[in-house]
Structures are given as structure tokens and as C-alpha cells.
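If you read the sequence from its start, that first residue is 1, and numbering goes on from there.
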Amino acid sequence: TRGDFSAYLKEVVSHLQAAITFAANESQKAMLEAYVAHFQTGDIDAHLKSQRHWVDDKGPVVETQLGFIEAYRDPAGLRGEWQGTIAIVDKATSSKFA
């Protein structure tokens with residue numbers, strides 16, 4: 001991890017590595033591992049891989065979306081802003097919408 005945000009990303013990587021042991025399935029595990037690779041190296045292919053695993057994870061109880069994703073405020077649309085979203089499903093409430 002290097003660059004302007006390396007100190008912060010080292011912490012993120014540390015927490016993601018710890019979270020891998022709690023992954024509910026192989027898709028979540030692979031997604032977290034790809035996030036780690038992306039945040040350690042900056043490799044965009046690793047980030048794209050994490051997103052493919054995110055899509056493959058059907059019906060998660062805990063959903064994670066991390067990274068420099070949205071480029072709304074960059075006039076060139078090249079630099080993404082950091083976004084971190086963790087969603088926890090309330091299955092009882094969700095069942096009312098089924």
C-alpha cells in the first residue's frame with residue numbers, strides 16, 4: 001500500500017484480512033481477498049475481481065462495498081471518491097416485501 005492514503009488503507013487491509021475468517025461463503029472470501037489485493041497494490045483488475053465476487057454473492061446477510069468508486073465530483077470522471085458501505089439485512093422486515 002502506497003500513496004496519499006496508504007496509512008488509512010493499511011488499516012483497512014488489516015481489518016479486511018481479519019474479516020476473511022468470518023466470510024459466510026467462498027464468494028465473500030474471494031471478494032475480501034480481492035479487496036486486500038487491490039488496496040495493497042492499486043491494481044484495478046483486483047478491484048474488478050472483487051466486484052465480480054460481490055455480484056456472485058446472492059442474498060448476503062452482510063453486504064460490503066468498498067473502494068474508490070464514484071467519480072461524480074471529478075470533472076474528467078477519472079478519480080473516484082472513497083466509498084465504504086456495509087449493509088446488514090433484517091430478514092424479518094425483508095420477508096414482508098417478498
Closest non-hydrogen atom pair, P60 against E63: CG-CB, 4.1 Å
Separation between OG of S6 and CD of E11, rounded to the nearest 0.5 Å: 11.0 Å
Results of side-chain hydrogen bond (donor to acceptor under 3.5 Å, both in side chains) for Q28 - residues two or more places apart only: D57
Side chain to side chain contact (heavy atoms under 4.5 Å, CB included) involving Q51 - partner list, sequence neighbours excluded: Y35, H47, W54, Q65
Listed partners of T21 passing side-chain hydrogen bond (donor to acceptor under 3.5 Å, both in side chains), at least two apart: none
side-chain hydrogen bond (donor to acceptor under 3.5 Å, both in side chains) partners of D45, counting only residues at least two apart: none
Distance (rounded to the nearest 0.5 Å) between K49 NZ and M31 CE: 13.0 Å
Side chain to side chain contact (heavy atoms under 4.5 Å, CB included) involving K91 - partner list, sequence neighbours excluded: V61, V89
Where A46 and A34 come nearest, the two heavy atoms and their spacing: O-CB, 3.5 Å
Residue list, side chain to side chain contact (heavy atoms under 4.5 Å, CB included) with I86, at least two apart or on another chain: V62, T64
Side-chain touch F68/F5, heavy atoms, less than 4.5 angstrom: yes
Heavy-atom side-chain proximity of F22 to L32 below 4.5 angstrom: no
Ring pair (Phe, Tyr, Trp, His ring centres under 6.0 Å) against H53, all qualifying residues, sequence neighbours excluded: none
In one Ile/Leu/Val/Met/Phe/Trp/Tyr side-chain cluster, 4.5 Å: L66, L48: no
Considering all heavy atoms, the nearest D43-H38 contact: O-ND1, 2.9 Å
Nearest-0.5 Å distance that lies between atom NZ in K58 and atom CG in N25: 11.5 Å
hydrophobic_cluster_shared for W82 and V36, side chain cutoff 4.5 Å: yes
Partner set under side chain to side chain contact (heavy atoms under 4.5 Å, CB included) for T93, not counting sequence neighbours: D90, F97
